[in-house]
Structure formats: structure tokens, C-alpha cells
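Reckoned from all heavy atoms, side chains included, excluding hydrogens, waters and symmetry mates.
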Amino acid sequence: MKPKGIKWKLFVFAIVGLLVLILAACEGKDKSTTEASKSDDDVIKLVVNSWFSSDADVPNNVWKPWEKYVEEKTEGRVEVTVHYNGSLAASNEVLEGVKSGLFDVGDTIALYYEDSQLFPLTVGELPFAAGGDPDKAAKIMQEFSAEYLDEIWDGVVKVGVGSPPPNHAFSTKPIESLDYMKGKTARASTELEALFVKSMGGIPTQVSFEELYNSLDKGIIETFFTTQDVFAAMQLADVAPYFLEQPVKIAVGTALMNEDFFNSLPKDLQTLFDEDINPKWQELYKENARKVMERNVEVVKMAEDAGGGVTKFSDKELLEFQRFAVPVWEQWVKNANEKGYPGDEMLERYIEISREHGVDLEFLK
């Protein structure tokens, strides 16, 4: 029989040992939680603002695949969150939103930035630029913009430059001749577009994109320019079932990244974005235009089913029609000069690059 003192000591040792085990277990648990938090903190959050609705072509064909691509290529080190419907910034607020760090990446079109550092890109949006070919337009603008890197991308990082499907001329009445717009009201969203409308004898009228259908239905406007996919999505064949087969103009799309965000990335990720991830965005943007344009035959059917039709000008007629755009190109040069750019030199270079890519802007001769 053990003495009571020994029993008491064994009891105390047992209690102390149990406490040590409990503390060790808690420490291990806390350490594990801390490591998990640290791991979570190491994931870089990349926030994107897109002015398109989540079910539109650009999100489905560009942003969603790019989001997946980024996360796969970085092996989960970068996590992308895309905010749609311009929830963080409208299409004309993207440049400011990116530069201020409100979000890390945003997409927009040059149309909204005639009075900003993106101005050089707007030459690609002039009537009949690039022959209305998205693939050629993208290549021309990528080469042209590379010569104005310091001006265009000041304070931001270029993710990519490309072009969506081209704009066509649509009308509530048949397009039977070159002067189809004479005396008609036409939607004009910029001063240069208004000048183009005036050159064709039309009456420039400001109408918001959201009011396009109602404005056509009520006779506020009689003709307008837009892409065939927008024409189909908004069911505009109901109110304007006539259109011109040859493209009239094309937009220049771009995506921008916050410079501080890019510089904060580890060097290997900076290289990955430069050489792989950002070029992938350009590739997806190009592919989006191709996919959308594959549905053009459906648009023709929509117009015909609505009692309308498609007009195609002869080569001679088209050249004459394109000459309506000359005053617009001349005004762009004047605008460039007023902004301190060498406007004549820029236009000459754009024409030269266009020619190298198989686009001869004959109407400017």
C-alpha cells in the first residue's frame, strides 16, 4: 500500500500532464488556423469592372474564360472577381476607376475617351477604318498604339486592345440609295458621329442607348449605327428592319490594369501577365468578335421576317458613300493638333499601317 503523500504527488503530476497535453493541442490548433489565414492572405485578389451585363457576349466569351485562365495559370495565387453591369464604374468612368485603384482591371471602348490619354486610339473608330474587319482592326491598332505607349498607357498597364463586331447602318425605311439619310433624324453619340451624319444630309439627334428602341418606335430617330448582335438582342427589327450589309465603322476596345497593382505582383507573376495572361485577353476578345459575327445570318432573317431587308452597295457606290466620312477624318486631325499631338503625322502613320495589313483607305486620297 502506497503512502498518501505519493498518491497525492501522482495525482498532481497527472493533472499537470493533462493540462500540458490540452495546451499543446490548443497551440497546434491555433498554429494551424494561423497558417490557413496566412495562406488565404497570400492569395492575390484581382477585381475587374465590366460595363457589360453578365449574360452578354463579352462576359461569356472573354471575362469568364479569362478569369478561369488567370486562376489556372497562377495556380490559384491570383483570384479574379468580375463585377458586371458597370457596378463599380460606368463605361466612361473606367480609366479614372483603374487609375484611382477603385478596381484593378476594367474594360471600355475608346469612343468615350476623346478628351483623355486614350485619344490616339480613337482614330481606329473613324468611319470605314480597317474596312470594318475586327481582326484587321485589332492588328492595326495594336501596332499603331505601340508607337504611343507613353501617351496612351500613362499610369496604367495595357491588358489588351481589340475590336468588337463592326457597326452597320440601320433604318426604319429602305436604304435604296447613297443619300438614304438625307433629311432623316439619326442617332449621334459623339461630335464626330454628328459630323458624319450631317455630311450625309441627316439630322444628328442625341438618344441614349437605353432609349434606342422607344426612340425608333416613336419616330424620334429614323436611322442609327450599331452592331448586328445589339440589333438582335434589342429586337430592333421590329422598328427598324432595314440595314446596309457593308460595315460603316468599328469600335476600339481595350482593357486596362492599375499600375500599382501590377507593380505589387511578384516578379514571376508580372512576367506571366506580360507574356501570357494579358495576351490571352486579346486572343479571347478577338475570338468573341468571330463568334458573334457567325450569327449574322440570323440577323438577316430577323430583318426579312419583319418585312425589311439588306442593301449592298456596289464597289463604286461604296467608295462614293465612304467619301461622306472625309470631313470626319479631317476634323480628327484638327482635334489631334489642338490636343498637342502631331495629327497629320499620326493619320499618315495610321494609313501606312492599315495598308500593310491589307486595308487601303482609298476614299481619303
Between Leu216 and Ile221, does the side chain to side chain contact (heavy atoms under 4.5 Å, CB included) criterion hold? Intermediate values first, please. CA-CA 5 Å; Leu216 289 162; Ile221 59 171; 3.7 Å; yes
Checking side chain to side chain contact (heavy atoms under 4.5 Å, CB included) for the pair Leu178/Glu317: CA distance, chi angles, key distance, verdict? CA-CA 7 Å; Leu178 301 178; Glu317 289 173 326; 4.0 Å; yes
Show your working on side chain to side chain donor-acceptor pair (under 3.5 Å) between Ser50 and Asp107 and close with a plain yes or no. CA-CA 6 Å; Ser50 177; Asp107 64 343; 3.2 Å; yes
Could you go step by step and tell me if Val105 and Val47 meet the side chain to side chain contact (heavy atoms under 4.5 Å, CB included) rule? CA-CA 6 Å; Val105 173; Val47 178; over 6 Å; no
CA sep, side-chain torsions, deciding dist, call: Lys339, Asp115, salt bridge (charged side-chain N to carboxylate O under 4.0 Å, His left out): CA-CA 8 Å; Lys339 295 175 187 297; Asp115 295 320; 2.7 Å; yes
As a quick check of understanding, evaluate salt bridge (charged side-chain N to carboxylate O under 4.0 Å, His left out) for Asp276 and Lys73, giving each step before the final call. CA-CA 9 Å; Asp276 188 339; Lys73 279 293 180 176; 3.5 Å; yes
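Contact of the Phe225 side chain with the Phe243 side chain is not registered, since no non-hydrogen atoms from C-beta on lie closer than 4.5 Å. Within the 4.5 Å cutoff, side-chain heavy atoms of His168 are placed close to those of Pro166. A heavy-atom distance below 4.5 Å is not found between the side chains of Glu259 and Val156. No side-chain heavy atom of Thr254 sits under 4.5 Å from any side-chain heavy atom of Met141. In this structure, the side chains of Leu269 and Val78 come closer than 4.5 Å at one or more pairs of heavy atoms. You'll find the side chain of Leu256 stays beyond 4.5 Å of the side chain of Val159, heavy atoms only. Residues Trp281 and Tyr69 fail the side-chain proximity criterion, which asks for heavy atoms closer than 4.5 Å. In this structure, the side chains of Phe313 and Leu244 come closer than 4.5 Å at one or more pairs of heavy atoms.
The six-membered or imidazole ring of Trp329 lies away from that of Trp332, with a centre-to-centre distance of 6.0 Å or more. The ring of Phe170 has its center no closer than 6.0 angstrom to the ring center of Tyr242. With ring centers used as reference points, Tyr148 lies 6.0 Å or more from Tyr341.
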Show me the donor-acceptor pairs within less than 3.5 Å that the side chains of residues 201-212 make with the rest of the protein, sequence neighbours left out.
residue	atom	partner	partner atom	Å
Thr205	OG1	Ile203	O	3.2
Ser208	OG	Glu211	N	3.3

Pair up each side-chain donor or acceptor in residues 190-200 with any protein partner under 3.5 Å, not counting sequence neighbours, and list the distances.
residue	atom	partner	partner atom	Å
Thr190	OG1	Glu193	N	3.1
Glu193	OE1	Ser189	N	2.7
Glu193	OE1	Ser189	OG	3.0
Glu193	OE2	Lys249	NZ	2.2
Ser199	OG	Phe324	O	2.6

Name each donor-acceptor pair under 3.5 Å that joins a side chain in residues 80-93 to protein atoms two or more places apart or in another chain, with its distance.
residue	atom	partner	partner atom	Å
Ser87	OG	Tyr84	O	3.3
Glu93	OE1	Ala90	N	2.9

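In summary, Lys99 and Asp260 do not engage in a salt bridge, as defined by a charged side-chain N under 4.0 Å from a carboxylate O. At a threshold of 4.0 Å, the pair Arg295-Asp57 counts as salt-bridged, since one of the basic side-chain nitrogens sits closer than that to a carboxylate oxygen. For the pair Glu245 and Lys312, the salt-bridge criterion is met [side-chain N within less than 4.0 Å of a carboxylate O].
Annotation: side-chain hydrogen bond (donor to acceptor under 3.5 Å, both in side chains) contacts of Asp360 (sequence neighbours excluded): Lys365. Looking at residues two or more places apart in sequence or on another chain, you find a salt bridge (Lys or Arg N to Asp or Glu O under 4.0 Å) between Lys280 and Glu283. Residues passing the side-chain contact (heavy atoms from CB on, under 4.5 Å) test with Lys291, sequence neighbours excluded: Asn61, Glu287. By the side-chain contact (heavy atoms from CB on, under 4.5 Å) test, Asn60 is found to be paired with Lys64, residues two or more places apart in sequence or in another chain being considered. Under the side-chain hydrogen bond (donor to acceptor under 3.5 Å, both in side chains) criterion, Lys334 pairs with no residue, sequence neighbours left out. Not counting sequence neighbours, Asp150 has no partner by the side-chain contact (heavy atoms from CB on, under 4.5 Å) test. Partners of Asp315 under the salt bridge (Lys or Arg N to Asp or Glu O under 4.0 Å) rule, at least two apart in sequence or in another chain, do not exist in this structure. Residues satisfying the salt bridge (Lys or Arg N to Asp or Glu O under 4.0 Å) test with Glu143, not counting sequence neighbours, are Arg349. Listed by chain and number, the residues in a side-chain contact (heavy atoms from CB on, under 4.5 Å) with Pro164 are Ala251, Tyr285 (sequence neighbours excluded).
Glu275 pairs with exactly one of Asn278, Thr271, Ile277 by the side chain to side chain contact (heavy atoms under 4.5 Å, CB included) rule, that one being Thr271.
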